[in-house]
Amino acid sequence: MAGAIAMSASLRVAVIGGGPGGLYAAALLKRLGPDRDITVWERNAPDDTFGFGVVLSDETLGGIEHADPVVHQALQAEFVRWDDIDIVHRGRTLTSGGHGFAALGRRRLLQILHERCEGLGVRLRFRSEALPAAELAATHDLVIAADGVHSATRDAHADAFVPRITAHRCRYIWLAADFAFDSFRFEIAETEYGVMQLHGYPYSRDASTVIVEMREEVWRAAGFDQLDEAESTVRCAKIFADALDGRPLRGNTSAWTAFRTVVNDRWSHGNTVLLGDAAHTAHFSIGSGTKLAVEDALALAACVEEQPDLSAALAAYENERRPVVESTQRAAAASLRWFEELGTYVDQQPRQFAFNLLTRSRRVTHDNLRLRDAAFTGSVEKDFGCPPGTPPMFTPFRLRSLTLRNRVVVSPMDMYVADDGLPGDFHLVHLGARALGGAGLVMTEMVCVSPEGRITPGCTGLWTQEQGDAWRRVTDFVHLGAPGTAIGVQLGHSGRKGSTKLMWEGIDQPLDQDNWALAAASPLPYRAGVNQIPHALDRTGLTEIREQFTGAARRAASSGFDLLELHCAHGYLLSGFLSPLTNRRTDAYGGPLENRLRFPLEVFDAVRAVWPDERPMTVRISATDWADGGTTADDAVAIARAFAAHGADAIDVSTGQVVPEEQPEYGRSYQTPYADRIRNEVNVPVIAVGAISSWDDVNSLLLAGRADLCALARPHLYDPHWTLHAAAEQGYTGPGAPWPLPYRAGSRTPPTGRTDAPKPRLTLTSR
């Protein structure tokens, strides 16, 4: 149906929902096509609204200015603006400036949009329930469903839109105060029931939005589940009396609710399209709901104007907006999770806590926060222990007797080029180059403890002395050629994921010939009907494998490695014992997590007993399986706590690769929240991994207290000298990243050809 609709001047449009997104879409479409017949249905009265203030970014305002100067001018006259964020932590207020906010009352925003729609000739039908979208679609060319988070349109056509709605762990309520905060204010209340937080900001010269939020269990313990709106309002004002200076709060049909993240596989169905909260939601802590809806309206109107027919317009609208929305939702999810786990951060030092809060969504980083407020950022760096002129990533870190000169780790990366487990010239050059590149710690790939423990025929090993001698050649080069760089070995056993082809020949695919028998916690193939069925280890097999680990650890010690990491992640043998998806045993090594931990801990203890006491030992875990019924974040905390209790010096926190049906939430630094939680809840050093790609990310994670070390893989494949280049780009020349003497001449960016044109020598002006 949609494909047959050309963009005629008489396009007939129905808009379901009179919020900012629906109204602005109607106004823009009418402004661009005065002959269009456009009607907006809104079930509430014109002056009814829920919530109080709306924050818009300069980027959004720029789009409005270009699309409709009349609306932009009206908004500009109403905005209150401010630059500061105040964070109140245990009675101490920390202020960060230079942020730039603009807000106005939601009711006033709606009035401006009502006036604009009426002036353009859009019909507004208040207190009027729209017909179902399917009926409107039969009589209109375009139906815009802007009917909010509880969209009836989306629910009625769920088979087409395929919505996924996730409820979260905090309860919150929108309230208002009849005075204006002079900043964006975050205040933390540590009560007998648990941690509560206030988010407040001005939206007029004499009023502020106040959102009170807390975990569900805190909300219930405090008795809010038994209070009505008026009682909740009074109680919140009492809890945050200092922030309010003893003044009251007021509601507006305010109710406690749990935030729901809305995602749809498709945003259009025939000639019906979702817009704003009906299509997607982003947590209020990054202030994006109205912003996203208005930007949706701008994009939809532009695509209708630019495309030859409606089908093309709706496809272009979704293609344009989806990447932007998904990026915003990732940032909002990080912010939401931060507030859900707020209780784990309150013991941080005040400035670190404030920096952590400000950078929680990963959109504000160390580098751009320093541009906004250099004095504040400098004070956080000083508290962290950064010498003058030293970025956080170039501060040293100590594990037992090993002091790393900086916080950068070359993450383990399987190379698959060994011959019968023997590392060769490739490994010498590969690891040696990265050691010369400035990282504090260079890790080997997973080094297998037996021939049957290999993933592929190209995996390295430490089951023979010949292999140990070959590794000694590598460690000697690192220690002599790149003094100050440490090198670590990662020991592991492939378990059910072994006997497969080299990665570039078919990842996780079984060998065409010369397969070897596999062992695992349970007789479950990695892929049913593809990979072979492993045999479940009995007591004899468990003992044999434990001894293989200790034998490899002894050889690793004599080979000169500075650190040993036990690989308990990614679905390999020890990871297979930890995950309930891969461990179905009914003996003492299966069932509850305590039992599933038993064999990995036995191996850890045995390896720790033979590994030199002065050298550190770490453990890599998969903190989630990204699959229903698998390891959870709570499990990961318990696993990390168990290894720490047995003497692990740090936990290397990865995720996934345990089951093929996993559904990871990929994105920048997407695995770091798991490391963050373990560090702050278990109080053990952590190595963060997972799409950390910039030195700014590394500095931000360290300074916020979310990680102690950052491991990077692909960036070190792209640039073996990533760490040295990060130092050069930050103007750092200190001891945390010394250039090797033969390379020192390259420590400055090479000159390039001129790209600027000569400046005019004389400028003439007319009189």
Side-chain angles (χ1 to χ4, degrees), residues 51-53 85-95 167-179 181 183-202 208-252 254-260 283-287 332-350 352-358 360-361 673 676-677 680-681 704-705:
F52 300 95
I85 297 176
D86 284 346
I87 298 163
V88 183
H89 177 265
R90 294 183 172 170
R92 183 174 177 182
T93 301
L94 297 108
T95 300
H168 298 283
R169 302 170 70 179
C170 285
R171 290 273 184 164
Y172 67 96
I173 188 170
W174 288 83
L175 302 168
D178 291 323
F179 71 93
F181 285 122
S183 65
F184 208 126
R185 186 181 182 99
F186 293 99
E187 181 144 346
I188 313 304
E190 296 177 68
T191 74
E192 60 185 300
Y193 311 107
V195 178
M196 305 177 187
Q197 61 259 24
L198 174 148
H199 312 238
Y201 59 87
S208 298
T209 292
V210 174
I211 305 169
V212 176
E213 183 184 26
M214 65 199 73
R215 287 275 287 260
E216 172 91 16
E217 60 268 27
V218 177
W219 178 75
R220 292 189 182 279
F224 280 111
D225 58 328
Q226 303 298 317
L227 303 183
D228 61 19
E229 177 187 1
E231 292 168 327
S232 289
T233 302
V234 170
R235 183 83 178 280
C236 289
K238 183 177 180 180
I239 292 169
F240 292 101
D242 288 346
L244 302 170
D245 199 19
R247 287 170 284 198
L249 293 168
R250 58 182 168 86
N252 177 23
S254 302
W256 291 98
T257 188
F259 187 80
R260 305 200 313 165
H283 192 248
F284 58 81
S285 61
I286 65 168
S335 179
L336 178 154
R337 282 193 294 264
W338 193 92
F339 282 109
E340 286 184 338
E341 303 299 335
L342 177 61
T344 65
Y345 303 121
V346 292
D347 289 330
Q348 288 185 322
Q349 292 299 310
Q352 185 175 63
F353 177 85
F355 181 89
N356 196 356
L357 188 153
L358 292 170
R360 67 194 182 278
S361 72
D676 179 0
R677 182 178 172 191
N680 287 285
E681 196 165 326

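Numbers here are sequence positions counted from 1.
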Test side-chain contact (heavy atoms from CB on, under 4.5 Å) applied to W256 and M214, step by step: CA-CA 10 Å; W256 291 98; M214 65 199 73; 3.7 Å; yes

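- Residues I188 and Q197 approach most closely at CD1-CB, 4.0 Å, considering heavy atoms.
- Side chains of F284 and H199 form a contact here, defined as non-hydrogen atoms less than 4.5 Å apart.
- A distance of 11.5 Å separates NE2 in H168 from OG1 in T257, rounded to the nearest 0.5 Å.
- Listed here is the closest heavy atom pair of E340 and R215: O-NH1, 2.7 Å.
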Starting from the C-alpha separation in whole Å, work towards a yes-or-no answer on side-chain contact (heavy atoms from CB on, under 4.5 Å) for I87 and L358. CA-CA 9 Å; I87 298 163; L358 292 170; 3.8 Å; yes

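- Ring pair Y201/F184: centre-to-centre distance below 6.0 Å.
- Counting heavy atoms from C-beta on, the side chains of V88 and L198 never come closer than 4.5 Å.
- Between A354 and L94, the shortest heavy-atom distance links the atoms CB-CB, 4.2 Å.
- When all heavy atoms of I286 and S361 are compared, the closest pair comes out as CG2-CB, 4.1 Å.
- Annotation for R92 and P350: closest pair NH1-CG, 3.9 Å, computed over non-hydrogen atoms.
- No side-chain donor-acceptor contact under 3.5 Å links D676 and W338.
- Taking OG of S232 as the reference point, atom CD of Q226 lies at 10.5 Å (rounded to 0.5 Å).
- One finds the CD atom of E341 at 4.5 Å from the CZ atom of R677 (value rounded to the nearest 0.5 Å).
- Under the 3.5 Å distance criterion, the side-chain polar atoms of E217 are left unmatched by any main-chain donor or acceptor of R169.
- The line from OG of S254 to CG of L175 is 5.0 Å long, rounded to the nearest 0.5 Å.
- Without hydrogens or angle criteria, D86 side chain to T93 main chain gives no donor-acceptor distance under 3.5 Å.
- Judged by the 6.0 Å distance and 45° axis criteria, R235 is positioned over the aromatic ring of F224.
- A heavy-atom distance below 4.5 Å is not found between the side chains of E190 and L342.
- Electrostatic pairing of D178 and R247 does not count as a salt bridge here, judged by no charged N lying under 4.0 Å from a carboxylate O.
- No more than 12 heavy atoms of other residues, nucleotides or ligands lie within 6.0 Å of CD in Q349, so this atom counts as exposed by the packing criterion.
- Within the 4.5 Å cutoff, the side chain of H89 has no heavy atoms near those of the Y345 side chain.
- Between F181 and F179, the two ring planes are perpendicular [angle over 60°; tilted spans 30° to 60°].
- The SG atom of C170 sits 6.5 Å away from atom NE2 of H283, with the distance rounded to the nearest 0.5 Å.
- Each of W219, Y172, W174, F240 was evaluated against V212; a single residue qualifies, F240, per the side-chain contact (heavy atoms from CB on, under 4.5 Å) test.
- Residues R360 and S335 approach most closely at NE-OG, 2.8 Å, considering heavy atoms.
- T233 OG1 to K238 NZ: the interatomic distance, rounded to the nearest 0.5 Å, is 15.0 Å.
- For R171 and E216, the salt-bridge test passes: some basic side-chain N is under 4.0 Å from an acidic carboxylate O.
- For E187 (side chain) and M196 (main-chain N/O), no donor-acceptor pair under 3.5 Å exists by modelled atom type.
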